[in-house]
Participant: 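Pasting in a structure now, in structure tokens, and then I'll have a few things to ask.
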Protein chains: 2
Amino acid sequence: MRTSSISNAILKVLESQDDHLTAKEIYEIMKKTFTAVDTSTIYRALERLVHVGKVSVSDMGGTAVVYELVSKNPHHHLVCEKCHKQITFRNEKVSDFLDSIEKESGFQITTNHLVLFGICPECQKKK
Amino acid sequence: MRTSSISNAILKVLESQDDHLTAKEIYEIMKKTFTAVDTSTIYRALERLVHVGKVSVSDMGGTAVVYELVSKNPHHHLVCEKCHKQITFRNEKVSDFLDSIEKESGFQITTNHLVLFGICPECQKKK
DNA sequence: TGTATTATTGAAAATGACTTTCATTATCAA
DNA sequence: TTGATAATGAAAGTCATTTTCAATAATACA
Ligand SMILES: [Mn+2]
Ligand SMILES: [Mn+2]
Ligand SMILES: [Zn+2]
Ligand SMILES: [Zn+2]
């Protein structure tokens, strides 16, 4: 993987946004600087970044998957199926859990951004 | 949700197959009995079955999501990103883990078919 | 240095999983 | 019954993502 300018630019975009972005959202931001950039280039660069582990790709329940920088401080999410609220949790229970699954299975787990779905406390009250 | 024949027929298909099926695969099986059934009907019925918790829907890394009966004996999977091998694990660690996340967050977790990605032992050796 | 090799890119078109619309039919509660 | 509403088939549409292909840029290495 060459250190192409588009990949680096995407990393900068992801660094600047402390949020999950769809490929389209990344594309819209990139267009401001790289006027002629194409969505296919974005997808291909993201694919490479995901492959080398610099970026996570997740289905958070929307129509498109979302990308995010894999930071030093890994985190995970709970997504409410009713109101689509997302909460972030940084929890050593996750890594403990994944470690034990790794030991038991011999798999080297690459899932680095766990997304669990559920019903948030507020929506539970709403019956 | 009415107890429509299509939903019941889909449940029977899922019971008979001890495997994950895509909507298209279910459609192909259903066509043998319901000659005129349409894919949109399949998708709508599956959506209802997922909503009432009878069927799980998961992204196992393929191009289409897969559906499976939610059995009494819940299970989860590890999927190898290299050779696409899938292993099943029934593990109380998962429910313990999810329980603790529920307690901590107040969320009522609906994820009932966890899919974790990784590299299987064989593919690890292949360097 | 060139120069061959290979990765990356933009443009355009294609893919295909899934959804939507709409008119018709089946189910079910009252 | 009957009236409301859910389920269905057919057809068309959506749109996120991929593919193809020719051009260009980055690297290896002679
Ligand atoms: Mn995140
Ligand atoms: Mn399964
Ligand atoms: Zn909620
Ligand atoms: Zn493998």
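Order of the sequence lines sets the chain letters (A, B, ...), proteins ahead of strands, with each chain counted from 1. No hydrogens, no waters, no symmetry mates; every other heavy atom, side chains included, goes into these values.
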Participant: When rounded to the nearest 0.5 angstrom, what distance separates CG in B:L78 from CD1 in B:I87?
Facilitator: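 B:L78 CG to B:I87 CD1: 4.5 Å, rounded to 0.5 Å.
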Participant: If hydrophobic residues (ILVMFWY) are linked whenever their side-chain heavy atoms come closer than 4.5 Å, directly or via other members, who joins B:I119 in its cluster?
Facilitator: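 Via sub-4.5 Å side-chain contacts, B:I119 links to none.
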Participant: Show me the donor-acceptor pairs, under 3.5 Å and distance only, between side chains in residues 36-50 of chain A and residues at least two apart or in other chains.
Facilitator:
{"from": "A:D38", "atom 1": "OD2", "to": "A:S40", "atom 2": "N", "distance (Å)": "2.9"}
{"from": "A:D38", "atom 1": "OD2", "to": "A:S40", "atom 2": "OG", "distance (Å)": "2.6"}
{"from": "A:S40", "atom 1": "OG", "to": "A:R44", "atom 2": "NH2", "distance (Å)": "3.1"}
{"from": "A:R44", "atom 1": "NE", "to": "A:S40", "atom 2": "O", "distance (Å)": "3.3"}
{"from": "A:R48", "atom 1": "NH1", "to": "A:S7", "atom 2": "OG", "distance (Å)": "3.2"}

Participant: So which pairs with a foot in residues 104-116 of chain A pass side chain to side chain donor-acceptor pair (under 3.5 Å), sequence neighbours left out?
Facilitator: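 Qualifying pairs: A:H20-A:H113, A:S58-A:H113, A:E68-A:H113, A:H75-A:H113, A:H77-A:H113, A:E104-B:N91, A:E104-B:K93, A:T110-B:E81.
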Participant: Produce the list of close N/O pairs, under 3.5 Å, pairing protein atoms with atoms of nucleotides 24-30 of chain D; give distances to one decimal.
Facilitator:
{"from": "D:dA26", "atom 1": "N3", "to": "A:R2", "atom 2": "NH1", "distance (Å)": "3.2"}
{"from": "D:dA26", "atom 1": "N3", "to": "A:R2", "atom 2": "NH2", "distance (Å)": "3.2"}

Participant: Roughly how many Å is it from CD1 in A:I26 to P in D:dA16, rounded to a whole number?
Facilitator: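 Taking CD1 of A:I26 and P of D:dA16, I get 13 Å after rounding.
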Participant: Looking at residues at least two apart in the chain, or sitting in another chain, which of them share a side chain to side chain donor-acceptor pair (under 3.5 Å) with B:K85?
Facilitator: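 For B:K85, the residues satisfying side chain to side chain donor-acceptor pair (under 3.5 Å) (neighbours in sequence not counted) are B:E122.
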Participant: Can you tell me how far apart CD (B:Q17) and OH (B:Y67) are? Round to the nearest 0.5 Å.
Facilitator: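 Output value for this atom pair is 16.0 Å.
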Participant: Return the minimal non-hydrogen interatomic distance between A:I109 and A:E102, and the atom names on each side.
Facilitator: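 Heavy atoms only, the tightest pair is N-OE2, 2.7 Å.
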Participant: Please enumerate all residues that pass side-chain contact (heavy atoms from CB on, under 4.5 Å) together with B:N73, with sequence neighbours excluded.
Facilitator: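 For B:N73 the side-chain contact (heavy atoms from CB on, under 4.5 Å) partners, ignoring immediate neighbours, are B:S71, B:R90.
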Participant: Linking directly or through intermediates, with side-chain heavy atoms under 4.5 Å: list the remaining ILVMFWY members grouped with B:V70, chain and number order.
Facilitator: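 ILVMFWY cluster around B:V70 holds nothing else.
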Participant: Are the side chains of B:V66 and B:V57 in touch, meaning some heavy atoms are under 4.5 Å apart?
Facilitator: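 No, every pair of side-chain atoms sits at 4.5 Å or beyond.
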Participant: Here's a test of your reading of the structure: between A:T35 and A:M1, which maps to the more 5' nucleotide of DNA chain C?
Facilitator: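 Counting from the 5' end, the first nearest nucleotide belongs to A:M1.
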Participant: Can you tell me how far apart CD1 (B:I101) and CG (A:L114) are? Round to the nearest 0.5 Å.
Facilitator: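 So the CD1 of B:I101 and the CG of A:L114 are separated by 8.0 Å.
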Participant: Round to a whole Å and report the spacing from OH of B:Y27 to C1' of C:dG16.
Facilitator: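 Interatomic distance, OH of B:Y27 to C1' of C:dG16: 15 Å.
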Participant: In whole angstroms, how far is the C1' atom of C:dA17 from the CG atom of B:D59?
Facilitator: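 So the CG-C1' distance, B:D59 to C:dA17, works out to 12 Å.
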Participant: Taking the side chain of A:T63 as its heavy atoms from C-beta onward, which of D:dG9, D:dA16, C:dA17 lies nearest to it?
Facilitator: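 Given the options D:dG9, D:dA16, C:dA17, the side chain of A:T63 is closest to D:dA16.
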Participant: How bent is the helix from C:dT1-D:dA30 to C:dA30-D:dT1, comparing axes over its five end pairs at each side, to the nearest 10°?
Facilitator: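 The end-segment axes of the helix from C:dT1-D:dA30 to C:dA30-D:dT1 are tilted 50° relative to each other.
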Participant: Figure out the CG/P separation between B:L49 and D:dA6, and round it to whole Å.
Facilitator: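 Rounding to the nearest Å, CG of B:L49 and P of D:dA6 are 16 Å apart.
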Participant: Between atom OG of A:S4 and atom CD1 of A:I10, what is the distance when rounded to the nearest 0.5 Å?
Facilitator: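 These two atoms lie 8.0 Å from each other.
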Participant: Each nucleotide N or O in nucleotides 1-3 of chain D that has a protein N or O under 3.5 Å away: list the pair and distance.
Facilitator:
none

Participant: Looking at residues 9-24 of chain B, who's got a heavy atom less than 4.0 Å off DNA chain D?
Facilitator: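 Within residues 9-24 of chain B, no residue comes under 4.0 Å of DNA chain D.
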Participant: Which distance, rounded to the nearest 0.5 Å, do you find between the SG of A:C80 and the CZ of B:F107?
Facilitator: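 It is 5.5 Å, given to the nearest 0.5 Å.
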Participant: Let me check something: any side-chain donor-acceptor pairs from residues 22-32 of chain B under 3.5 Å, sequence neighbours excluded? List them with distances.
Facilitator:
{"from": "B:T22", "atom 1": "OG1", "to": "B:E25", "atom 2": "N", "distance (Å)": "3.1"}
{"from": "B:T22", "atom 1": "OG1", "to": "B:E25", "atom 2": "OE1", "distance (Å)": "3.4"}
{"from": "B:E25", "atom 1": "OE1", "to": "B:T22", "atom 2": "N", "distance (Å)": "2.8"}

Participant: Give the rounded distance in Å between these two atoms: CD1 of B:I42 and C1' of C:dA17.
Facilitator: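 B:I42 atom CD1 is separated from C:dA17 atom C1' by 14 Å.
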Participant: Atom CD1 of A:I6 and atom CZ of A:F34: how far apart are they, to the nearest 0.5 Å?
Facilitator: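 Those atoms lie 4.5 Å apart.
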Participant: Whole angstrom is fine here: how far is it from CD1 in B:I6 over to C1' in D:dG9?
Facilitator: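 Computing the B:I6:CD1 to D:dG9:C1' distance gives 10 Å.
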Participant: Could you list, one pair per line, each protein nitrogen or oxygen that sits under 3.5 Å from a nitrogen or oxygen of nucleotides 18-20 of chain D, together with the distance?
Facilitator:
{"from": "D:dT20", "atom 1": "O4", "to": "A:R44", "atom 2": "NH1", "distance (Å)": "3.1"}

Participant: Atom CD of A:E25 and atom P of D:dT17: how far apart are they, to the nearest Å?
Facilitator: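 So the CD-P distance, A:E25 to D:dT17, works out to 11 Å.
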Participant: Just the rounded figure in Å: distance from P of D:dA7 to CG of B:N8.
Facilitator: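 The distance from CG of B:N8 to P of D:dA7 comes to 12 Å, rounded to the nearest Å.
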Participant: Do A:V13 and A:L21 make a side-chain contact, defined as non-hydrogen atoms from C-beta onward lying under 4.5 Å apart?
Facilitator: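 Yes, side chains in contact.
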